[in-house]
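Here's the structure we're looking at; comments come further down.
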Amino acid sequence: MISIRHLSKTFTNPDGGTISPLKDVNCDIEKGEVISIIGPSGTGKSTLLRAINMLEPPTAGQIIVDGKDVTAGQYPLDKLRMKMGMVFQSFNLFEHKTVLENVIYAPMELLKQSRKEAEEEALELLGKVGMAQKADVYPSSLSGGQKQRVAIARSLAMHPEVILFDEPTSALDPTMVGEVLSVIRRLAKEKMTMLIVTHEMRFARDVSTRIFFMNEGIIYEDGTPEQIFEHPSRSATKAFVNRIQKLVYEIDSNAFDFLQIHTGINRFCIKYNFPEKSALAYDIVKEMLFEHLKDLRPLTLRFTRLGFHGRGPYGVPASGRQCTGRHKGKSKGNRGRIHFQGFSYQSAVITTFASLQDDPGRIAGNAPDHLVRRPSGHPAGRGGLLGREKS
Ligand SMILES: Nc1ncnc2c1ncn2[C@@H]1O[C@H](COP(=O)(O)OP(=O)(O)OP(=O)(O)O)[C@@H](O)[C@H]1O
Ligand SMILES: [Mg+2]
């Protein structure tokens, strides 16, 4: 359906410098495929999507859509964009039009549908994305998730052959990510051909038939979700896949950037859909860090999807085994729970709080006391809290 051959894109900046996010992109996309495009920031994922529908004409190479080279110059771009819906991070709804008017505008203008025809279809599509009741309101009264669902309905109203999504959920409040993803999941079930640039790895894994990992200006690795996430074959893919599930901070001075860490932990919780309780446990971790860690010695914090590892103030990973076992047991199934492993004085404290995660009130209530009672600078601390936990 879409074949891309040796596609490249070079931007020239005002200072005369150039940047080439796309160097040599090659791929074939078949009807019904759901392809998630993942990769580090700045690797040209958005540029690729924009090149595919010629919003960003490529510097060289070919894009062949249904047998025709759309880069050749004669191809009518309005026709191309009718075939390809695009859904952006920022919704791009017309603010001065109602939801219904937003959806019927293009079908009436470009597909020459009658108002009646366009409205009937629009209402059906709005129903499909759960927005039929909001047909007559203006976008300003909608939440981000609702706006994005309208944007998807608007795109569907043009009967596209493929929809290009550029980070459809990254501007959304975390509570709204799910509603948009479920609409996309439903489209996937209906075999809508889609290319989705996303940082939602769990979603990418669930919904996609194929994953493109972009790096170094090319589709660096292309495979099934299982291949890419479980058995990546190339080093940069491995590094990326490992990194996305980890958050590592080295704290080696009192002047550490706690705001960055704070935001980082938050984003991490959001990205992996930690339920509120777990996020609360993280809040306590954060509070501890900021209130109490400043006087202590270098510490490495590693948050993984399922774990927390800290290297203690004396650089010794204190025996954390008993602790690990215990918490493994506690968080059986590990679904959405944070799994803490204690390796240091600080993380031993964290472990205690984590073990109370079923009762957020208790966590919140107990945290400061526990901390205050800790003898400050306790060497490795394992005799302290960890020891007690064990017994
Ligand atoms: N119009 C432009 N003019 C100049 N440089 C651009 C332009 N658009 C993108 N770039 C540059 O091209 C590179 C790739 O950008 P792109 O937005 O495609 O990356 P991305 O993979 O989508 O990143 P992210 O995950 O952050 O969205 C970046 O270095 C970006 O600054
Ligand atoms: Mg982008």
Side-chain angles (χ1 to χ4, degrees), residues 2 4 6-27 29 34-61 63 71 77 81 84-92 144 148 151-152 155 162-172 174 177 180-181 184 194-205 207-208 210-223 225 228-229 232 234 236-237 239-247 260 263-264 266-268 270-272:
I2 303 176
I4 296 179
H6 305 297
L7 193 78
S8 67
K9 176 72 191 181
T10 298
F11 292 108
T12 306
N13 292 322
D15 63 5
T18 58
I19 178 159
S20 305
L22 305 180
K23 295 200 170 75
D24 186 14
V25 173
N26 295 282
C27 63
I29 297 158
V34 178
I35 299 179
S36 288
I37 304 176
I38 63 170
S41 191
T43 46
K45 303 180 298 294
S46 299
T47 306
L48 176 62
L49 283 197
R50 294 166 59 81
I52 290 176
N53 72 0
M54 295 291 283
L55 278 175
E56 198 71 81
T59 308
I63 301 169
T71 54
L77 294 185
R81 290 180 196 143
M84 297 190 183
M86 182 130 189
V87 175
F88 302 89
Q89 182 178 337
S90 51
F91 330 122
N92 296 5
Q148 194 59 301
I152 294 172
S155 170
V162 48
I163 305 185
L164 313 174
F165 290 91
D166 193 359
E167 296 199 37
T169 60
S170 61
L172 300 179
V177 169
V180 172
L181 296 185
I184 303 176
M194 295 185 281
L195 289 182
I196 310 166
V197 172
T198 183
H199 290 280
E200 298 280 343
M201 296 302 150
R202 196 189 291 181
F203 165 75
R205 204 191 154 118
V207 81
S208 315
R210 219 159 28 124
I211 307 276
F212 290 171
F213 172 66
M214 291 204 55
N215 194 33
E216 297 176 1
I218 58 172
I219 297 174
Y220 184 89
E221 194 160 343
D222 164 2
I228 299 292
F229 289 112
R234 301 191 64 186
T237 321
F240 180 77
V241 167
N242 283 331
R243 193 169 62 235
I244 55 176
Q245 311 200 357
K246 265 189 214 137
L247 178 73
Q260 187 201 22
T263 318
N266 256 334
R267 289 176 58 112
F268 190 79
I270 289 165
K271 190 156 161 187
Y272 291 105

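Ligands are counted one by one from 1 in listed order, and the atoms in each one are counted from 1 as well.
Between L22 atom CG and H6 atom NE2 the span is 14.0 Å, to the nearest 0.5 Å. For the atom pair OG1 of T43 and CD1 of I219, the computed distance is 11.0 Å after rounding to the nearest 0.5 Å.
Side-chain contact between L164 and R50 is absent, with no heavy atoms from C-beta onward closer than 4.5 Å. Within the 4.5 Å cutoff, no side-chain heavy atoms of E216 are placed close to those of K23. Between F11 and T47, the closest side-chain pair of non-hydrogen atoms falls below 4.5 Å. Using a 4.5 Å heavy-atom threshold, the side chains of I184 and V87 count as separate. A heavy-atom distance below 4.5 Å is found between the side chains of D24 and N26. Side-chain contact check for F165 versus Q148: every heavy-atom pair is 4.5 Å or farther apart.
Taking every non-hydrogen atom of H199 and a distance limit under 4.0 Å, the qualifying atoms of ligand 1 come out as 25 (O).
Among S41, G44, S170, S46, the residue whose heavy atom lies closest to atom 24 (P) of ligand 1 is S41. The closest heavy-atom contact to atom 15 (O) of ligand 1, among the options I19, L49, T10, T47, comes from T47.
Annotation: atom 27 (O) of ligand 1 to nearest protein heavy atom, E167 OE2, 3.3 Å. Summary of contacts: the protein heavy atom closest to atom 25 (O) of ligand 1 is K45 NZ, 2.7 Å. Protein heavy atom at the shortest distance from atom 23 (O) of ligand 1 is G42 N, 2.8 Å. Closest to atom 12 (O) of ligand 1 among all protein heavy atoms lies P21 CG, 3.4 Å.
Below 3.5 Å of separation, one finds no N or O of F11 facing any N or O of ligand 1.
Inside a 4.0 Å radius of atom 31 (O) of ligand 1 there is not any protein heavy atom.
Under 4.0 angstrom from ligand 1, there are no non-hydrogen atoms of V197.
Inclusion of S46 in the first shell of the Mg ion (ligand 2) is supported: an N, O or S atom falls under 2.8 Å.
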